[in-house]
Amino acid sequence: MKRYGLILICIFVSIVSVSGQKGRNNPIIPENLPCIKCHGQAVYTTFSTDAKKHVRQPMETSRIIPEKMYQNAIHGSLKCVDCHAEAYSTVPHPAALKFDTIFSCADCHAGKRKFKKYHLESIMAGYDRSIHAKAMGNTYSCWKCHNPHNFITALSDSLAMKAAITLSNSACLDCHNNAVNYKRVSDKTQVSILKSHDWLIHTELHLKNIRCIDCHTVQTTDSTTAHNIMPAEKSIRECTKCHSQKSILAKNLFRMKKENAGFLNFSNNRIMDYAFIMGANRSITLNIISITLFVIVLLVIFTHMFFLLRYRKQHKNGESK
Amino acid sequence: MENLNKLYPFWLRLWHSVNGILCVILVISGLMMQYASPEWILLSLNKIVFIHNFCGISLIISWIFFIIFNSLTQNGSYYWPKLTIFKESIIELRYYAYGMFKGEAKPFKDDLSRKFNPLQQMAYWSTMYIFAPLMVFTGFIMYNIDRLLTDDKSLLVYQICDFIHICAAFMISIFLVIHLYLAFMEGLNNFKKIIFKSKNYEEHN
């Protein structure tokens, strides 16, 4: 029972993690229905030749693909056998399929004009320079981070900012905040995310409200470099990279948001519907008013001082005469 | 000497010194946070924020200390303005702008019945009972933002707090500048008198 409970929680989390999106709502593909019948839920029924009866089996978590989630995914218009071998139509699936080659992104997207907008070549180049490529080489694939069955492009799919950040971070946290999954890709011991980021003020606030890749990738205005994940020691540790007028967050994470300076004329205001970042968001109008007032006060003081010193000097001279 | 001790008891001088130092550090560190830039780094932002938070919490303690001692002693009564404060302020303002250059006597002398002139009274009262509490309250909320503000409205609350915090900080900065100038204007002797209990104090009064 406990096991089924866990599986249900995992499905719920998967659905919730993409529920912030507007949704592509691809139509249900009839050819996929037999697959969804088993893979769309946490438990499936199969015929046991030993027991000679139908038995209920739990579906492995990574193979559960809720129908709604798949419909909303970027690949939701594809038939299952477009990517998986035709032999999967046989149930139970032949054991040899376990070692079947899985398609990578490049198999479909690379070198095709239609998919040029995804900049796959530069994504692959970025990835090749990343710590993931260096540490794991060919054993690593796109699917280690991106689930093809629920994959959506976080920022350009008009997700609410919070959902986009949660979705982006879930790709990292699935391993970096999960000791079991981490062990599947690395021999090292997984360190608590909160502990490794405890140098940040308001650690949890930072971790929940910006993407891991905002600090852990090489920052340029080109979003495709987001795949060049840097080693922890080379990641951004300088607070002013975000907490300043030249905040990298305005150029990356919030680049899709519209500017709305408001009557107080805030700098980097495209951030402000979601967050308020000290140093980055500053009212230009208030700045001008405060500096003007301050200068006026100083002018009054210096004028007063000038006349006071002159009066005191005259008074002193008069006394000495 | 006795009057001086009554007007400026030890606890008040101690509080004033601590409060002054904290305010100066808070203003400087606050400006460094507001105008943070990767191009000019004297201290890392982390350290600046730590200093600002530390001094902010110390200022809260200092402010509570001030309020408690003010309510326990006669000192508190000197701050509260009377209804005639605006009329008296114009008289005092005229003295600062004109009268003092003509050798006129101060319109309001400080003694045991009246420690501050009307302008001082207004400035000190608004600083300690309006701007300081606003600073302390909004600063406390922002310091505990991850614990106190967790719902959808928290961003708006944070933005309002930041706005109030910065406006109040600006007013206190202006107060600090004028306060320092007036201290200078009153002369080094007066400064010594307050700090070191000059023997001539009672002769002057």
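Throughout, protein chains are lettered first and strands after them, A, B, ... in sequence-line order, and every chain is numbered starting at 1. Values reported hereafter were calculated over all heavy atoms of this structure, with side chains retained and with hydrogens, waters and symmetry mates removed.
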How far does CG of A:N281 sit from CD of B:Q34, to the nearest 0.5 angstrom? 9.5 Å

Please round to the nearest 0.5 Å and tell me the distance separating atom CD of A:E204 and atom CZ of B:R147. 9.5 Å

Determine the interplanar angle of the A:F294 and B:F170 rings, folded into 0 to 90°, and report it as parallel if under 30°, tilted if 30 to 60°, perpendicular if over 60°. tilted

Within a 6.0 Å radius of atom CD1 on A:I291, are there more than 12 heavy atoms belonging to other residues, nucleotides or ligands? yes

Nearest-0.5 Å distance, CD1 of residue A:I201 to CG of residue B:N46: 4.5 Å

Got a second to check how far B:C167's SG is from A:I289's CD1, nearest 0.5 Å? 9.0 Å

For the atom pair CE (A:M278) and CG (B:L45), what is the distance rounded to the nearest 0.5 Å? 4.0 Å

Stepwise side-chain contact (heavy atoms from CB on, under 4.5 Å) test for B:Y35 and A:N287: CA-CA 11 Å; B:Y35 294 93; A:N287 252 20; 2.9 Å; yes

Looking only at heavy atoms, the pair that brings A:F276 and B:L155 closest together is N-CD1, 3.6 Å

Closest heavy-atom pair, B:A36 versus A:T240, reported as atoms and distance to 0.1 Å, is CB-CG2, 3.8 Å

Is it true that atom CZ of B:F140 has more than 12 heavy atoms of other residues, nucleotides or ligands lying nearer than 6.0 Å? no

Nearest 0.5 Å please: distance from the OH atom of B:Y98 over to the CZ atom of A:F307. 13.5 Å

Smallest heavy-atom separation, B:S37 atom then A:S244 atom, equals CA-CB, 4.0 Å

Heavy atoms only, distances under 4.5 angstrom: which of B:N53, B:V49, B:L156 has the most pairs with chain A? Name it, please. B:V49

Give, as side chain, backbone, both or neither, the part of B:M100 having an atom under 4.5 angstrom from any heavy atom of chain A. both

Work out which heavy atom in A:H304 is nearest to a heavy atom in B:Y96; give both atom names and the distance. NE2-O, 2.7 Å

With distance as the sole test, does B:Y158 use its side chain to make a donor-acceptor pair with the main-chain N or O of A:A275 at under 3.5 Å? no

Near B:Y129 OH, under 6.0 Å, is it more than 12 heavy atoms from other residues, nucleotides or ligands? yes

So for atom OH, which belongs to B:Y143, do other residues, nucleotides or ligands contribute more than 12 heavy atoms lying within a distance under 6.0 Å? no

Mind listing the closest non-hydrogen atom pair of B:Q159 and A:M272 along with its distance? NE2-O, 3.2 Å

Is the number of heavy atoms from other residues, nucleotides or ligands under 6.0 Å of A:K162 NZ greater than 12? yes

Quick one: what part of B:I178 sits under 4.5 Å from any heavy atom of chain A, side chain, backbone, both or neither? both

Side chain / backbone / both / neither for B:F101 at chain A, heavy atoms under 4.5 Å: both

